[in-house]
Amino acid sequence: MAHEQLNPLVLPDADGNFGKHGGKIGHPKLAAALAEIEAGFRSIIGDAAFVEEMKRLQATYIGRPSPIYHAQTLSKRGAQIYLKREDLNHTGAHKINHCIGEVLLAKKLGKKKVIAETGAGQHGVALATAAALLGLECEIHMGVVDIQKEHPNVSRMKILGAKLVPVSAGAGTLKEAVDSAFEAYMSQFDGSMFAIGSVVGPAPYPEMVSYFQSIIGHEAREQFQSQYGGLPDEVVACVGGGSNALGLFNAFINDESVDLVGVEPAGEGLDKPGRHAATMTLGKFGNIQGFNCYYLQEADGTPAAVHSIASGLDYPGIGPQHCHLKDLGRGRYETVTDKEALDAFLALSREEGIIPALESSHAVAYALRRAKELDGNRRLLVNLSGRGDKDIDYVLSKIDV
Ligand SMILES: *Cc1c(COP(=O)(O)O)cnc(C)c1O
């Protein structure tokens, strides 16, 4: 069943494909569980009571709509820069948008528990928050290396009542945490639901997560028109898995005058394999963790090691809808280095008094670079996906103050 929240270009066919990307690849046991989630998803989005409950929580719990702020000091570089303030949401990022949706769905399906992976801990915190709100148990799988690095988020998850499962396999980071969480899920389909953290994974996850995140773009398009008049020339967002970007882009896909720009991490440089995560720029087509997309590969097709200063962008693959938008020539994907992201982090902090997440700083860095190339009457709308509290100690260790 189609639904009007998502543009047809980012809706899957009956097999969960977006062009040649997406799909649902994996264990037959998993197929039955995915079918249950998909049927549940189709039923709730057509259910007026669910839609009302979602709207009530968006307004009274998340704090939506998030404002659009015209960053006039940053804009002195050239083009006008506007920020969609997802950093002002409860828990400080866009992830709460889909976590509330996923936990409401789990509850509707009669599940007692949600299970997920987390890298930097952002998805873990947002999911633990939604689970606490709605009275479900929450089990978060996290690599031991990330547990060491992301201490404040680990503490938050514990305080919120989540059960933390440390994962020591392999590199002890996000990819291993995903494998571990999926394995745990396979042994307890009946009582639990897997709640993924981005527009990745097998169908129906990319469609479902983008549906819940599409609130960003629907709000932004209306706010921009009513507060500033007309439409922006470019809408810009950082891409890890791609959920905050797709949430923004979706509402603008039919606006031909609006460029959709995804910004991926060039890390320490595109010429340094293993030290960036520029999936769209250098990835190849193939299947990773249950779906087809472009991803960074070793010669034998296994996922390559990746790096970004922003842990939330540190994933070798990317959501299938973005790959499809790229193939169609509708999405444009640019890169920003660690250094440029750090400079943008400081520029936004010191020129506007807003401390952004290092992930979001990639989108800001592109906008600062782009603004200089454009006239002062052109307008860039940047999704500020999250706030930077989690990054302050790391940034201080990198700069002289
Ligand atoms: C997780 C995260 C991201 C990256 O995830 P997407 O799915 O690509 O949006 C970006 N910004 C923040 C603040 C995050 O927490």
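Order of appearance sets the numbers: ligands from 1, and atoms from 1 within every ligand. In this chain, residues are counted from 1 in sequence order.
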task = State the atoms of ligand 1, each with its element, that fall below the 4.0 Å cut-off from a heavy-atom position in Gly312.
result = 4 (C)
task = Compute the centroid of each ring, for His123 and then for His98, and state whether the two points are separated by less than 6.0 Å.
result = yes
ask   = With only distance considered, is Gly242 within less than 3.5 Å of ligand 1 through an N or O on each side?
value = yes
ask   = Quick check, are the ring centers of Tyr211 and Phe41 under 6.0 angstrom apart?
value = yes
ask   = Looking only at N/O atoms, are Ala357 and ligand 1 under 3.5 Å apart anywhere?
value = no
key: Among Arg330, Arg379, Arg332, salt bridge (Lys or Arg N to Asp or Glu O under 4.0 Å) partner for Asp259   = Arg332
task = Around atom 11 (N) of ligand 1, find the nearest protein heavy atom and jot down its residue, atom name and distance.
result = Ser385 OG, 2.7 Å
key: Note, Tyr366 side chain near Glu234 side chain (heavy atom, < 4.5 Å)   = yes
message = When you compare the side chain of Leu342 with that of Ser361, does any pair of heavy atoms fall below 4.5 Å?
response = no
key: Any side-chain heavy-atom pair of Asn383 and Lys84 under 4.5 Å   = yes
task = Decide whether an N or O pair under 3.5 Å exists between Ser360 and ligand 1.
result = no
query = Can the ring centroids of Tyr294 and His21 be said to lie less than 6.0 angstrom from one another?
reply = yes
Within-cut-off N or O pair, Ala93 and ligand 1, under 3.5 Å = no
message = Regarding ligand 1, does Lys95 bring an N or O atom to under 3.5 Å of one of the ligand's N or O atoms?
response = yes
inquiry  = Give the atom numbers and elements of ligand 1 that come within less than 4.0 Å of a heavy atom of Gly386.
reply    = 13 (C)
key: Proximal atoms of ligand 1 relative to Cys238 (non-hydrogen, under 4.0 Å)   = 10 (C)
